[in-house]
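So the structure is just underneath, and the comments pick up after that.
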Amino acid sequence: MPEFSPSCADRLILLVARSLAFFPLAFALVGTPVPLRSQTPPALTTVGAIRILTPEQARQARPVRLTGIVTAISGWKNSFFVQDSTAGISVDRTDNADVKVGDLVEVTGASNAGLFAPTILASYVRVAGHTRLPPARRISYSDTFGGREDSQRIEVEGVVHSARITKLFERDILALRVELDGGEMGVLLQNFAGIDAGRLIDSTVRVRGVCSSSFNQRRQFLSVAMFVPDRGGIDVVQPANDDPFAAAATPLGNILQFGQPPHRVKVAGFVTYQIPGQALYLQDGHDGIRVQSSSNELIEPGRRVEAVGFPSTGDYSPVLKNGVFRVVGIGNPVKPQRVDARDVIFQKAGFLQVPYDGQLVQLQGKVVENLVQRGQRVLILRQGGEVFEATFQLSPPEGPGIELGSILLLTGICTVHTDANSDGSPRSFEILVRSSKDIAILEHASWWTPIHAQWVVLLLVMLLLSLSAWLAIVRREDRLRALTVTDPLTGLYNRRGFFMLAERQWQSAARRKDSMLLFYIDVNRFKEINDTLGHKEGDLALLTVAAALRECFRKSDIVARIGGDEFAVMVPEDSADTRTLLERRLAKTLEQSNEKRGVTPHLSLSMGVLRCDNSMKTLCIEDLLAQADALMFREKRRYQAGIRGVAEQPLALA
């Protein structure tokens, strides 16, 4: 049976399991009734009356007596979902009465705040009969955001992207991933006897069940899934083809072009690279594609393969997700195309051209940095004025070590990256090196090193002029290396420089159990400045902000422009008022800069500040920066809401 990537299913099951596993803790922390006052409040008799309670009100354990229909069994101990004419809710129990889906039950208990939405802690459940399930309300994916449909009986329609039998609370379930109009939803089918899971993939289905939210310990929404008791909750609207490989192959270059339906497609090509259990790279002529697949079947380069999967947007070019493949022929390995770094991303007739993304290429470069990041060796190379990366697993190099300054000839898959902070335009590329055999050293690093130079100075004073020339070359190399971590416009660190230095400082602070402050800063109305006044005025605005940041923060702080109009700063938290002092200093510095410029409207910033303490030591800088970005975005929304309430001033930043 075809399976989807375990990472998707396991993440879904883990989120649901963790969310439901919080319930016993909820009973201990928030389920203890407060002492009765002089007058007992009236009992709550509808689910709707409980769901509108605030967490503080629900914690008061207000009495509950209501009648409803059991819509699903969660699987966690003896909890279940019940729905009456007003709404649905999760019921956690202290008794052991047996209930089934469709039972009409009388529930006696108390309100509980739960760990996400209000729940009922039932002390007594009586089965009064059996009846039909309440009708499921048809919703869209956007309706589920924020947990608004939590515990409600709903109906959705979409295309099944994957199906896998797994366990939830020691019970086998069929976990489906269904692509709706706007996003993916997990479907947990509890009784799947008689269902051919493999034939569900790529079928259009209509699903009825109970919506379940996954959340974190801060009561914040993460994702959504649906409990479906049995096969009666799934209708196949349009069945998938019996043989997914029977369809005609779509040319690799035509994937995700205008008007394609949301179903999986078949492609064919020659294997250029494989990461077992993760991806298979195919190439046909001058087109290449990444097929994401959990299969561990090893395929040799050069084999002709047919693959089926669901088209999805990748970093730049499309990818196929949840792919399966089969070998259909044997051919010669694809020959790499020799390219220059400047030709990977270039502009022609006003448009950016990216001719080699996903293809097997060969190019040379000089090593300016050699790093280890997340279990991979990362080489930063330069060819002319272009800087790019080459990555490979740490296990390969069986050959000699790679020294800074070496000139290499690399063979690998060209992968283009976009700027996530702009319009998705290509900004850089890397070469995925398959093995050490794809690395050829054309020229070893120069024997001249600072240590050798000292010996030469001591032994050969007559070569002083030659030594001076060599030292000039070394300084030039240092400057070129600095360019890889410096933003050319503002002179601040760029995104790469920030991640390298901030990660190092964060790890050091975590070892010392020190706290850090991470600032994520965005220039308000920057796009309007560019669009209205031109990029020159936009550059002047960025230079003004950079100057204010330099004046506000210390030289030892890490200050960077990480892309577009966004800046990041990492500083030690020296005292409890460090953040307040820095925010005031930055506001005052920017105000002074605006007064010197004497133009309106003044530049302003939206800023998110994240305090990074020892409880976050397992997080990397990327994770911390994402949290700070979310805080900044919240401030940005407040700013945008504010300027919509008044007449906006015209831009005049000259």
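Note that the coordinates shown come from a computational prediction; the quantities given were computed from them, not determined experimentally.
Among residues at least two apart or in separate chains, side chain to side chain donor-acceptor pair (under 3.5 Å) pairs with a member in residues 324-345 are Glu306-Arg326, Arg338-Gln364.
The minimum heavy-atom distance linking Ile201 with Ala240 is given by the pair O-CB, 3.1 Å. Nearest heavy atoms, Val354 versus Pro426: CG2-CG, 3.6 Å. Nearest heavy-atom pair, Pro311 versus Ile255, reported as atom, atom and distance to 0.1 Å: CB-CG2, 3.8 Å. Between Glu386 and Ala341, the shortest heavy-atom contact is CB-CB, 3.7 Å. The nearest pair of heavy atoms linking Val344 to Cys414 is CG1-SG, 3.7 Å. Among all heavy-atom pairs drawn from Pro262 and Phe310, the shortest one is O-CD2, 4.4 Å.
Judged as a ring pair (Phe, Tyr, Trp, His ring centres under 6.0 Å), and not counting sequence neighbours, Phe325 has no contacts. Considering only residues two or more places apart in sequence or on other chains, Leu624 meets the side chain to side chain contact (heavy atoms under 4.5 Å, CB included) condition with Trp506, Leu518, Leu610, Cys612, Met616, Leu619, Ile621. Residues passing the salt bridge (Lys or Arg N to Asp or Glu O under 4.0 Å) test with Glu622 are Arg374, sequence neighbours excluded. Scored by the side chain to side chain contact (heavy atoms under 4.5 Å, CB included) test, Ser508 finds Arg511, Arg512 as partners (sequence neighbours excluded). Residues that satisfy the salt bridge (Lys or Arg N to Asp or Glu O under 4.0 Å) test with Asp357, not counting sequence neighbours, are absent from this structure. Contacts of Tyr141 classified as ring pair (Phe, Tyr, Trp, His ring centres under 6.0 Å), with partners at least two apart in sequence or in another chain: none. Under the salt bridge (Lys or Arg N to Asp or Glu O under 4.0 Å) criterion, Lys536 pairs with no residue at all, not counting sequence neighbours. Scanning for side chain to side chain contact (heavy atoms under 4.5 Å, CB included) contacts around Lys555 gives an empty result, with sequence neighbours left out. Checked against side chain to side chain contact (heavy atoms under 4.5 Å, CB included), Ala560 has the following partners two or more places apart in sequence or in another chain: Tyr493, Phe498, Ile562. Remark: Tyr356 engages no residue in a ring pair (Phe, Tyr, Trp, His ring centres under 6.0 Å) (not counting sequence neighbours).
Taking a 6.0 Å sphere around CG of Asp181, one finds it holds 12 or fewer heavy atoms contributed by other residues, nucleotides or ligands. The 12-atom threshold is not exceeded at CZ of Phe145, counting heavy atoms of other residues, nucleotides or ligands nearer than 6.0 Å.
Defined by atom type and a distance below 3.5 Å, a donor-acceptor pair is missing between the side-chain atoms of Asp438 and Ser435. A donor atom on one side chain and an acceptor atom on the other are not found under 3.5 Å apart for Asp522 and Ser606. A donor-acceptor pair shorter than 3.5 Å cannot be found between the side chains of Thr486 and Asn494. Looking at His444 and Glu403, their side chains never bring a donor and an acceptor atom within 3.5 Å of each other. For the 3.5 Å distance criterion, the side chains of Thr391 and Gln376 fail to qualify, holding no donor opposite an acceptor.
Atom CZ in Arg525 sits 5.0 Å away from atom OH in Tyr639 (nearest 0.5 Å). Considering NZ of Lys636 and CG of Leu605, their distance stands at 9.0 Å, rounded to 0.5 Å. To the nearest 0.5 Å, the span separating CD on Glu430 from CD1 on Ile413 amounts to 11.5 Å. Taken to the nearest 0.5 Å, the CZ atom of Phe519 stands 9.0 Å off from the CG atom of Asp557.
Of the possible donor and acceptor atoms, one in the side chain of Gln260 sits under 3.5 Å from a partner among the backbone N and O of Leu256. A donor-acceptor pair is defined here as one N or O able to donate and one able to accept, closer than 3.5 Å; such a pair exists between the side chain of Thr544 and the backbone of Leu540. For the pair Asp565 (side chain) and Phe526 (backbone), a donor-acceptor distance under 3.5 Å is absent. Under a 3.5 Å cut-off, the side chain of Gln507 and the backbone N or O of Cys620 do not form any donor-acceptor pair. Gln353 contributes no side-chain N or O that, together with a main-chain N or O of Ala349, makes up a donor-acceptor pair within less than 3.5 Å. At distances below 3.5 Å, at least one donor-acceptor pair connects side-chain atoms of Arg561 with backbone N or O atoms of Gly564. Between the side chain of His417 and the main chain of Phe429, no donor-acceptor pair closer than 3.5 Å is present. Not a single donor-acceptor pair under 3.5 Å links the side chain of Glu528 to the backbone N or O of Asn524. At least one donor-acceptor pair closer than 3.5 Å links the side chain of Thr418 to the backbone N or O of Asp315.
With respect to the salt-bridge test (charged N to carboxylate O, under 4.0 angstrom), the residues Lys321 and Glu179 do not qualify.
Counting heavy atoms from C-beta outward, Leu404 and Asn370 have side chains that approach closer than 4.5 Å.
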Would you mind writing out the side-chain donor-acceptor pairs for residues 266-290 within the sub-3.5 Å range, not counting sequence neighbours?
unit_1	atom_1	unit_2	atom_2	d
Lys266	NZ	Phe245	O	2.9
Lys266	NZ	Ala247	O	2.8
Thr272	OG1	Tyr281	O	3.3
Gln274	OE1	Ile299	N	2.9
Gln274	NE2	Glu297	O	2.6
Tyr281	OH	Arg290	NH1	2.5
Gln283	OE1	Leu360	N	2.8
Gln283	NE2	Gly285	O	3.2

